Number of protein chains: 2
Amino acid sequence: MKSEKYHIILDAAIKVFAEHGYFQSTVAQIARKAGVADGTIYLYFENKEDILLQFFSYKTRQIFDQFQKEVDKVDSAEDKLRNLVRSHLKEFQGNMDMAIVFQAETRQIQQAEAIKTHIRDISRKYRELVGEIVEEGQREGCMRKDLYIGLVKTYITGAVEEVINSWVQAGGKYDLVSMADPLVDLYLKGIGIQTV
Amino acid sequence: MKSEKYHIILDAAIKVFAEHGYFQSTVAQIARKAGVADGTIYLYFENKEDILLQFFSYKTRQIFDQFQKEVDKVDSAEDKLRNLVRSHLKEFQGNMDMAIVFQAETRQIQQAEAIKTHIRDISRKYRELVGEIVEEGQREGCMRKDLYIGLVKTYITGAVEEVINSWVQAGGKYDLVSMADPLVDLYLKGIGIQTV
DNA sequence: ACCTGGAATGAATGAGTATTCATACCTAAC
DNA sequence: GTTAGGTATGAATACTCATTCATTCCAGGT
């Protein structure tokens, strides 16, 4: 089990990163927010970069397990998709600082190699999860067979992330979770009028 | 008309920003790539931040006008949506460095005020354009009336951007424009089987 | 040939900041 | 009361880089 101070520093760092962005945040600011001396940070983390790395490797794993758990709770593909989207929005609504750091640092193509690896890994797992749900939906007969799965993964991921991004840009002022059902409705039915 | 060197420096800067990210890029690197001395940069730009600002205010306006032009070329809402998505993918495919800078810097909530204003402005205009197309589609009778327009804007924007992001992450190795029609197909019909 | 003014240079400046480490502070055991 | 080991401190170090500006370059006019 990690020491208490490890978590205090990590939480403080996420707040500072969320406020100023990783590259503009200073170790001194993190130390101050955590209520420790600058040097203390280095007893728990290799360096500044390691703090961001720990965030990605620790928090994302935790969150992804939560997604998986929610998906496994139900049987139909539609319910799985619904639970995935709802838990995604719920987790991010519950931790806006984390959401901001995710939004910003995930799109930086030029992160340190170790961090890039984690980001790619979590993104791949998320896309795989979506892929499995859609394939299950096809077997169940509730989802179209003529889909380019690779594009569907992108389409679903992109829309949820932008819903979160809009919420962040608006300062987190409205309820994010209530977007889940309308969004899944769009995923399934689209915006066009069906002429079957 | 802006001097030739202005454009040389701006183009070099976008390349450097794309490669290293704004905050990790140095003025010396930009000067080197542009083939000028460090001090020369300051004859054409206020400071480092101004370079990014000029990029957003100059390039984005140019690109957005292109989107608008493509949309106005056709009459039906469906074709407008199709042209918007296609020209969006086309412009970004044609300038990958720009695409990377967009992906990365647009999500940074902690940019300088002037830059944030430009980002918000372009994002608002894009969303408005999508909104108008959808409302026209509703009047035409080819799009559902029971849509929460705000969410639809987010949904459409997010999916295109993630399609671009995936392409960037993959190193721009495949044809982006060919994603346009399948994507619009998803927008209109969704992934579910219609039980009208 | 000689000016002249705008353009360009790049070394010097100075501010900022990640990281280190000699020192101080505990706490608990004896 | 003393000591030992782990923990914490924060001033000092050793950079990196944006920005400045005294100097140089150069083209076109006289």
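Values in this document were obtained by computation on a predicted structure and should not be read as measured data. Letters A, B, ... mirror the listed sequences (proteins, then strands); counts begin at 1.
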Given dG10(C), dT9(D), dA18(C), identify the nucleotide with an atom nearest to the side chain of A37(A). dT9(D)
Donor on one side chain, acceptor on other, Q54(A) and Y6(A), under 3.5 Å: yes
Ignoring hydrogens and geometry beyond distance, is a side-chain donor-acceptor pair present between Y148(A) and Y155(A) at under 3.5 Å? no
Check the side chains of Q66(A) and Q62(A) for a donor-acceptor pair under 3.5 angstrom, ignoring hydrogens and angles. no
Between E162(B) and K153(A), is there a salt bridge with N-O shorter than 4.0 Å? no
May I ask you to say whether E128(B) pairs ionically with K125(B), meaning some side-chain N is under 4.0 Å from a carboxylate O? no
Quiz question: by atom type and distance under 3.5 Å, do the side chains of Q110(A) and E19(B) form a donor-acceptor pair? no
Compute the bend angle of the helix from dA1(C)-dT30(D) to dC30(C)-dG1(D) from the end axes (five pairs per end), rounded to 10°. 20°
Please give, in whole Å, the distance from dA18(D) C1' to I9(B) CD1? 15 Å
Any salt bridge linking D121(B) with R124(B)? Criterion: basic side-chain nitrogen under 4.0 Å from a carboxylate oxygen. yes
So which protein nitrogen or oxygen atoms get under 3.5 Å of nucleotides 12-15 of chain D's nitrogens or oxygens?
none

Among residues 39-52 of chain B, which ones have heavy-atom contacts with DNA chain C below 4.0 Å? G39(B), T40(B), L43(B), Y44(B)
Look at atom CG of D65(A) and say whether more than 12 heavy atoms of other residues, nucleotides or ligands are closer to it than 6.0 Å. yes
salt_bridge(R82(B), E70(B)) N-O dist < 4.0 Å: no
Side chains of T154(B) and R127(B): any donor to acceptor distance under 3.5 Å? yes
